[in-house]
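Quick notes on the structure that follows.
No experiment lies behind these values; they were computed from the predicted model shown. FYI, side chains are in, hydrogens and waters are out, and symmetry mates aren't considered; it's all heavy atoms of this structure.
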Amino acid sequence: MTPMPAAERIGSYVKRAEQALNAAKTTALKPAGVTVAQYAALLHLDENPGISAAALARLCGVTPPTMNTVLTNLVDRGLIERTPHAWHKNVLETRLTGAGEAAMHEADARAIAVERAVAAGLTETERQTLIDLLTRCAELFDSTRSDATAT
């Protein structure tokens, strides 16, 4: 037996919730024709027009190579355009096209329905408690990473 049973590992529950969320959003987004990763990129591009791929990767929680694959697929589908930055020629600015805006709005409505369905199953107090606890968990997980690099 391991020193810490799986049932006591907070990370297992966080991962299970993340997997359930991704599965629900994958199903919801399929009719919109985008993946969860593509939706996340479109959503953040809508809020941050002209953002670089590296900054977008950070916002979406993926690696830069993964984001480049997502962006290549979105360019190929005509949902985004990438143009050289006016001052920094090695930086490409990324923006939604008209088709990208339409896809993002359709996908966002579907993703919001998933979020609202979960929120409807919680009281307002439970919802706020969950947000507070998940935020605290993220901070604590981050601190263990910085503690590990200090040793």
Study note, to complete from the structure: Taken to the nearest 0.5 Å, the spacing of R95 CZ from I80 CD1 works out to 12.0 Å

Check your understanding: About how many Å separate CZ of R82 and OG1 of T72, when rounded to the nearest 0.5 Å?
Key -> 7.0 Å

Point to revise | Joint hydrophobic cluster, I51 plus V34, side-chain heavy atoms closer than 4.5 Å | key: yes

Review point. Under the 3.5 angstrom rule, does the side chain of R77 hit a backbone N or O of G33 as a donor-acceptor pair?
Key: yes

Practice item. Looking only at non-hydrogen atoms, find the nearest pair between S12 and A6 and report the distance. Key: OG-O, 3.8 Å

Study note, to complete from the structure: Between the CG atom in L71 and the CG atom in L92, the distance rounded to the nearest 0.5 Å is 9.5 Å

Review point. For atom CZ of R9, is the number of surrounding heavy atoms from other residues, nucleotides or ligands below 6.0 Å larger than 12?
Key: yes

Review point. Looking at K25, R110, R127, which hits salt bridge (charged side-chain N to carboxylate O under 4.0 Å, His left out) with E115?
Key: K25

Point to revise | Exercise: identify the closest heavy-atom pair between P5 and P3 | key: CD-O, 4.1 Å

Review point. Salt bridge between E139 and R136, side-chain N to carboxylate O under 4.0 Å?
Key: no

Review point. How long is the span from the OG1 atom in T129 to the CD atom in E124, to the nearest 0.5 Å?
Key: 9.5 Å

Review point. Do you know the tightest heavy-atom contact between L29 and V36?
Key: CD1-CA, 3.8 Å

Review point. More than 12 non-hydrogen atoms from neighbouring residues, nucleotides or ligands closer than 6.0 Å to CD1 on I10, yes or no?
Key: no

Revision key, fill the gap. For M104 and L43, the nearest pair of non-hydrogen atoms, with its separation, is CG-N, 3.8 Å

Revision key, fill the gap. So CG of L59 and CG of L45: to nearest 0.5 Å the spacing works out to 9.5 Å

Review point. Which heavy-atom pair separates L56 from A41 by the least distance, and what is that distance?
Key: CD1-O, 4.0 Å

Practice item. Verify, without hydrogens or angle tests, whether T94 (side chain) and G50 (backbone) share a donor-acceptor contact under 3.5 angstrom. Key: no

Review point. Between D132 and Q128, does a side chain to side chain contact (heavy atoms under 4.5 Å, CB included) hold up when you go through it step by step?
Key: CA-CA 6 Å; D132 293 343; Q128 191 56 55; 2.9 Å; yes

Practice item. Using the side-chain hydrogen bond (donor to acceptor under 3.5 Å, both in side chains) rule, pick out the option among T63, T69, N68 that qualifies with T66. Key: T63

Study note, to complete from the structure: Tightest non-hydrogen contact, residues A57 and M67, listed as CB-CB, 3.7 Å

**Study point:** Side-chain donor/acceptor of Y39 to backbone N/O of A103, under 3.5 Å
**Key:** no

Review point. Which distance, rounded to the nearest 0.5 Å, do you find between the CG of L79 and the CD of E101?
Key: 11.0 Å

Exercise for review: Check for a donor-acceptor pair, side chain of N48 on one end and backbone N or O of H44 on the other, with a separation under 3.5 Å.
Suggested key: yes

